[in-house]
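Notes to accompany the following structure.
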Protein chains: 2
Amino acid sequence: MSGPEPTDPLGAPALSSSEVKRPVGINDVAARAGVSPGTVSNVLNRPERVAEATRRRVERAVEELDYVRNSSGRSLRAGRSDSVGLLVLDVTNPFFAEVARGVEDTAGEAGLAVVLLNSAEQAGRQRRAIRLLAEQRAAGAVVMPVDGDTADLLWLRKQGVPGVLLDRGDVSADIACSVAVDNHAGGLAAGRHLVNLGHERVTYLSGPADLEQCRTRLAGLRAALAESGLDPDAAVRVVEAEQLNAECGEKAVEEVLAGGPRKRPQAVFCSNDQLALGVLKGLGERGLSAPGDLSVVGYDDVATAGLVHPGLTTVAQPKYDLGAAAMRLLLSELNDADHRHERLRFAPELVVRGSTAAVRD
Amino acid sequence: MSGPEPTDPLGAPALSSSEVKRPVGINDVAARAGVSPGTVSNVLNRPERVAEATRRRVERAVEELDYVRNSSGRSLRAGRSDSVGLLVLDVTNPFFAEVARGVEDTAGEAGLAVVLLNSAEQAGRQRRAIRLLAEQRAAGAVVMPVDGDTADLLWLRKQGVPGVLLDRGDVSADIACSVAVDNHAGGLAAGRHLVNLGHERVTYLSGPADLEQCRTRLAGLRAALAESGLDPDAAVRVVEAEQLNAECGEKAVEEVLAGGPRKRPQAVFCSNDQLALGVLKGLGERGLSAPGDLSVVGYDDVATAGLVHPGLTTVAQPKYDLGAAAMRLLLSELNDADHRHERLRFAPELVVRGSTAAVRD
DNA sequence: CAGGTCGATTAAAACGTGTCAATGCCTTGC
DNA sequence: GCAAGGCATTGACACGTTTTAATCGACCTG
């Protein structure tokens, strides 16, 4: 068998060294070890039930054959898969990335894989994603829903896939678990900060008004102004951006500044750090800057907020913990027989940096 | 049956309205429509093979029973699942997020779900993730490997899961498809820019040296200096950061500036925008700034790069297209019988902003 | 030594789907 | 009127795993 290999004219494309081997199943392992498939399964899942000697024999066979178990068969039998879904509004937003890290880490500890779905704030994509999770018979889901109603989530639960709501505080606890940061408190903290600095005309740059977070943070802001004797209706103007990203923030500056220097707001509070960063940039392009011409406050405390000049004053959310906690609630629902839906609230924290300052006159 | 429901002391936790229904399978649909399961399967997968009338009957049954197909059974039968893995080095890095969006969008068009795995630049986590994909019998994988060798990827392929390498230019095309941006050209462009501005002492702030990208970009930089008659060994100093994030960049400033104003570099070229942003911050904390005291160049053109002040000069990569192209190559490998491994190279593009300026004397 | 108990192992049945060969029916051509 | 052919549908099996009830053997006890 020496000399050059004969070229075979037809047949599968040459795979040379990286030959694809025929898949080896639990039966092959059983045959090799001289036991029944059931015993192999036991070795894999409840090693304590099988005698030391046979267990070692099986383990050796597993190793020799390089067996890797097939989770399709596993899930089919179990009626559910061992992965959970994570549905976010925007993969690109670092806030969600951080949340995802929290979810993934705790899921990983429990041996669950995470399927990341991206709704891009579109109801249609969300629906498709939810359906996909149902088809996969996902063990569970962590969901940040796009629109107000939670119909999709309920449907998913009816299909046998429990879900945890993330970043939505307004849902009653008997529907599902939920984890959120107190958005009202966040808006309140930002508002009080501005009031203390003497601001009396503030513009709220909101994301899409369908998002509960945006509405509630506004409510907090208004409460803070009312608290100090101002009329919220007169003191705060609302500008709505189409999406929660920097580009939209930059574009919105035009409208924020409308009315000329006389009626121009003294401060802008944004639903989001991305928006706020866009605003900072837009101001710069117009020869203005924070906090000299205008104070700017963001929300989330994304990593970037601390990197820009001036640093962005913002309301920090425990992003990683948010994701980790959501996943932990989900695990509780999956494992604890006596699970009760829970409603977890985190407290936001104001981080003061350079983008806000006292009104000077 | 009027009056309050009797409380049953034991049993499953009360599910009230959101009753979990018994799962409905293809057989239930078949029974309801008065056909065989096989026919239902055909309606779902090859509708053209079934007569108009029966097809409608089946479709109605599907609707009435709210049937959703079980992809575990499906994958078991098919021998492979309908999801692909995406293994990234760091979910938190916006560069990867953008790549992920590209992968996800094109995968979605092809009806594939994406499982996002995060190796966090740790070989152990990468190995676990690869194993998971094998267990899932993933249809394929897009992988950005941590360490130099591609053993994991080869093993995965031997298990029947084809993989596409992302952002690794140094792999020979007969192993697997690969998509990358020409890192040498990127480093070269950055280097030439600095040379043109008169810089003769530049520090390269590198990420972990295991990463091929970091090494090749350095090579490009050195080539640019050599090109103009400078001795690379004398002109460029290398500082290695532990991770590719802003925090490490900030910490590295200390070492970058070591030697005092006399021997201080005139420019810093970073493996990464995150590092560069960290450097900008670190400079600010020491009362220094770019480009006055030091020019700074990044890599990736992350969204933030355009938002900071001064804007970060950087080497832009087509992030979204990178992900989309990788996924498209994978799809080709999955569907085209006569697939040949391909090696796709994108060209980087220098984006000049405010963080670089001519050396003044 | 018979009866009983316990631990380890096995055989067989399910999970839900896709496929393939076989069946039945209707049309067409002679 | 009958054979041939085409189309729609069916029945049965296979995919890989887990689980339950049953079996087997060994050891202990009265």
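Here is the naming used below: chain letters follow the sequence lines, and residue numbers restart at 1 for every chain.
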Which of these passes side-chain contact (heavy atoms from CB on, under 4.5 Å) with B:L86: B:V115, B:V164, B:L116?
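The passing option is B:L116.
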
Step through the shown structure and confirm whether more than 12 heavy atoms of other residues, nucleotides or ligands are within 6.0 Å of CZ on B:R127.
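For B:R127, atom CZ is not crowded (no more than 12 foreign heavy atoms under 6.0 Å).
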
Before giving the answer on side-chain contact (heavy atoms from CB on, under 4.5 Å), spell out for B:S72 and A:R80 the whole-Å C-alpha distance, their side-chain angles and the decisive distance to 0.1 Å.
CA-CA 8 Å; B:S72 302; A:R80 57 153 68 168; over 6 Å; no

Need the bend value for the helix from C:dC1-D:dG30 to C:dC30-D:dG1: angle between end axes, 5 pairs each end, nearest 10°.
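Between the axes fitted at each end of the helix from C:dC1-D:dG30 to C:dC30-D:dG1 lies an angle of 50°.
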
For salt bridge (Lys or Arg N to Asp or Glu O under 4.0 Å), just list the numbers for A:R328 and A:E333, CA-CA rounded to whole Å, side-chain angles, deciding distance to a tenth of an Å, and then say yes or no.
CA-CA 9 Å; A:R328 222 167 286 128; A:E333 182 159 0; over 6 Å; no

Taking salt bridge (charged side-chain N to carboxylate O under 4.0 Å, His left out) as the definition, give me every residue that meets it alongside A:R55, ordered by chain and number, with sequence neighbours left out.
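In terms of salt bridge (charged side-chain N to carboxylate O under 4.0 Å, His left out), with neighbours along the sequence ignored, A:R55 is linked to A:E52.
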
Checking side-chain polar atoms at under 3.5 Å, does B:E135 have a donor or acceptor matched by the opposite partner on A:N70?
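The criterion, which ignores hydrogens and geometry beyond distance, is not satisfied for A:N70 and B:E135.
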
Identify, residue by residue, the members of residues 50-65 of chain B with a heavy atom below 4.0 Å from DNA chain D, and return them in order of residue number, or none.
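Per residue number, the list reads B:V50, B:A51, B:T54.
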
Quick one: does any side-chain atom of A:S178 pair with a main-chain N or O of A:R343 as donor and acceptor, under 3.5 Å?
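Not confirmed, A:S178 side chain does not pair with A:R343 backbone.
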
Take A:E59 and A:L44 through the side-chain contact (heavy atoms from CB on, under 4.5 Å) test and state the conclusion after the steps.
CA-CA 9 Å; A:E59 279 165 351; A:L44 263 39; over 6 Å; no

What are the bounds, 5' to 3', of the part of DNA chain D that sits under 4.0 Å from heavy atoms of chain B?
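The contacted stretch runs from D:dA8 to D:dG16.
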
Salt bridge (charged side-chain N to carboxylate O under 4.0 Å, His left out): which pairs involve residues 27-45 of chain A, sequence neighbours left out?
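For residues 27-45 of chain A, and leaving out neighbouring residues, the salt bridge (charged side-chain N to carboxylate O under 4.0 Å, His left out) pairs sorted by first residue read A:R22-A:D28, A:R32-A:E64.
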
Check: protein-nucleotides 16-18 of chain C nitrogen or oxygen pairs below 3.5 Å:
unit_1 : atom_1 : unit_2 : atom_2 : d
C:dT17 : OP1    : B:Y67  : OH     : 2.4
C:dT17 : OP1    : B:N70  : N      : 3.2
C:dT17 : OP2    : B:I26  : N      : 2.4
C:dG18 : OP1    : B:N45  : ND2    : 3.1
C:dG18 : OP1    : B:R74  : NH1    : 2.5
C:dG18 : OP2    : B:S41  : OG     : 2.9
C:dG18 : OP2    : B:N45  : ND2    : 3.3
C:dG18 : N2     : B:R77  : NH1    : 2.6
C:dG18 : N3     : B:R77  : NH1    : 2.8

Pair A:S75, A:Q136 - check side-chain contact (heavy atoms from CB on, under 4.5 Å), show working.
CA-CA 9 Å; A:S75 319; A:Q136 309 243 56; over 6 Å; no

Please find the pair of heavy atoms, one from B:I175 and one from B:R157, that lie closest to each other, and give the distance.
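Looks like O-NE, 3.5 Å.
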
Checking A:N118 against A:F96 for the side-chain contact (heavy atoms from CB on, under 4.5 Å) test, could you report, in this order, the C-alpha distance in whole Å, the side-chain angles of both residues, the deciding distance, and whether it holds?
CA-CA 10 Å; A:N118 181 24; A:F96 297 107; over 6 Å; no

